[in-house]
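Here the structure is laid out as structure tokens; the discussion comes afterwards.
Residues: numbered from 1 along the sequence shown. Just the heavy atoms: all of them, side chains too, but no hydrogens, waters or symmetry mates, feed the values below.
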Amino acid sequence: QAQLVESGGGLVQPGGSLRLRCETAGFTVPLRSIGWFRQVPGKERDAVSCITVSDSAAVYATSVKGRFTIARDNAKNAVYLQMDRLEAEDTGKYHCVADQWMPCTVLLRPTTELHYVGQGTQVTVSS
């Protein structure tokens with residue numbers, strides 16, 4: 001059974017760092033894109049970042065560019081999101097998403113129907 005499992009969230013002060021991990025398992029067709037969304041209750045999901053598995057090309061939301069870095073480790077079937085200089089506005093539940101066929105530009109659209117979504121990991125940035 002294909003699944004995405006996130007870890008690494010927590011409580012951090014503004015200016016701090018966290019590293020999220022998304023482990024992929026059970027996919028019989030190789031993934032094309034793996035990304036992250038942030039979800040805050042009552043709001044539409046926010047695209048954060050995405051990476052193309054074949055060439056590690058990455059895209060970032062404007063709000064996180066220069067502060068977050070996405071990377072993959074194919075040997076470990078994992079994708080990491082390094083989050084630095086965290087701000088209160090980064091608070092939310094971070095979900096890993098993936099698809100075998102969609103490119104990142106489609107995967108990150110707020111209206112895209114997502115086929116694979118992890119349970120999420122909570123990130124809280126507060127002093």
Side-chain angles (χ1 to χ4, degrees):
Q1 182 179 350
Q3 59 178 348
L4 305 169
V5 181
E6 304 97 331
S7 61
L11 172 64
V12 64
Q13 292 187 340
S17 298
L18 282 174
R19 189 188 192 209
L20 305 185
R21 171 187 165 107
C22 171
E23 186 172 351
T24 67
F27 289 91
T28 56
V29 176
L31 293 168
R32 178 177 182 178
S33 307
I34 304 174
W36 293 90
F37 276 101
R38 176 176 57 238
Q39 185 74 60
V40 175
K43 293 188 176 181
E44 191 175 65
R45 67 184 190 233
D46 270 338
V48 176
S49 182
C50 181
I51 190 166
T52 301
V53 173
S54 62
D55 62 6
S56 293
V59 295
Y60 299 94
T62 302
S63 62
V64 307
K65 206 171 288 186
R67 300 187 297 121
F68 290 12
T69 304
I70 191 169
R72 63 180 175 85
D73 185 337
N74 288 347
K76 296 181 179 179
N77 293 321
V79 166
Y80 300 91
L81 185 68
Q82 177 67 40
M83 306 189 296
D84 298 319
R85 291 183 282 140
L86 282 160
E87 305 168 353
E89 292 74 21
D90 297 320
T91 294
K93 196 163 192 180
Y94 283 69
H95 295 268
C96 182
V97 295
D99 201 270
Q100 293 103 328
W101 294 282
M102 290 185 204
C104 280
T105 50
V106 176
L107 188 63
L108 292 183
R109 289 177 187 163
T111 56
T112 292
E113 181 180 348
L114 301 171
H115 300 128
Y116 301 104
V117 186
Q119 292 297 310
T121 184
Q122 179 67 33
V123 171
T124 303
V125 184
S126 175
S127 55

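- Between R32 and S54, every side-chain heavy-atom pair lies at or beyond the 4.5 Å cut-off.
- Closest heavy-atom contact between L20 and M83: CG-CE, 3.7 Å.
- Not a single donor-acceptor pair under 3.5 Å links the side chain of Y116 to the backbone N or O of I34.
- When the salt bridge (Lys or Arg N to Asp or Glu O under 4.0 Å) test is applied to D99, no partner is found at least two apart in sequence or on another chain.
- In this structure R72 satisfies the salt bridge (Lys or Arg N to Asp or Glu O under 4.0 Å) test with no other residue, sequence neighbours excluded.
- When every heavy atom of S127 is checked against every heavy atom of P14, the shortest pair comes out as N-CD, 3.7 Å.
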With side-chain contact (heavy atoms from CB on, under 4.5 Å) as the test, would you mind laying out the steps for N77 and F27 before giving the verdict? CA-CA 10 Å; N77 293 321; F27 289 91; over 6 Å; no
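- Here the CG-OG distance, from L108 to S49, works out to 7.5 Å after rounding to the nearest 0.5 Å.
- Judged by distance alone, the side chain of T91 and the main-chain N or O of V125 form a donor-acceptor pair under 3.5 Å.
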Report the C-alpha distance between Q122 and K93 in whole Å, list the side-chain angles of each, state the deciding distance to 0.1 Å, and finish with yes or no for side-chain contact (heavy atoms from CB on, under 4.5 Å). CA-CA 4 Å; Q122 179 67 33; K93 196 163 192 180; 3.7 Å; yes
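- Here the rule is side chain to side chain contact (heavy atoms under 4.5 Å, CB included) with L81, and of V64, V48, T69, L18 only V48 fits it.
- Linking Ile, Leu, Val, Met, Phe, Trp and Tyr residues whenever their side-chain heavy atoms come within less than 4.5 Å leaves L31 and Y80 in two separate clusters.
- The shortest heavy-atom contact between T112 and V106 is OG1-O, 2.6 Å.
- Under the side-chain contact (heavy atoms from CB on, under 4.5 Å) criterion, A71 pairs with no residue at all, not counting sequence neighbours.
- The nearest pair of heavy atoms linking D84 to S17 is OD1-OG, 2.8 Å.
- Annotation: salt bridge (Lys or Arg N to Asp or Glu O under 4.0 Å) contacts of R109 (sequence neighbours excluded): none.
- A search for salt bridge (Lys or Arg N to Asp or Glu O under 4.0 Å) contacts involving E87 returns R67, not counting sequence neighbours.
- Within the structure, salt bridge (charged side-chain N to carboxylate O under 4.0 Å, His left out) pairs that include any residue of residues 42-59 comprise R38-D46 (at least two apart or interchain).
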Using side-chain contact (heavy atoms from CB on, under 4.5 Å), reason through W36 and C50 one step at a time and then give a plain yes or no. CA-CA 6 Å; W36 293 90; C50 181; over 6 Å; no
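- Using bins of under 30°, 30° to 60° and over 60° for the plane-to-plane angle, the ring pair Y94/F68 lands in the tilted bin.
- Within the 4.5 Å cutoff, side-chain heavy atoms of F37 are placed close to those of L114.
- Judged by distance alone, with hydrogens and angles left aside, the side-chain atoms of E6 form a donor-acceptor pair with the main-chain N or O of C96 at under 3.5 Å.
- The distance from the CG atom of L107 to the CD1 atom of I51 is 12.5 Å, given to the nearest 0.5 Å.
- The nearest pair of heavy atoms linking V53 to S33 is CG2-N, 4.3 Å.
- Nearest approach of E113 to M102, heavy atoms of both residues: O-CE, 3.5 Å.
- From C22, atom SG reaches atom CD1 of I70 across 9.0 Å, with rounding to the nearest 0.5 Å.
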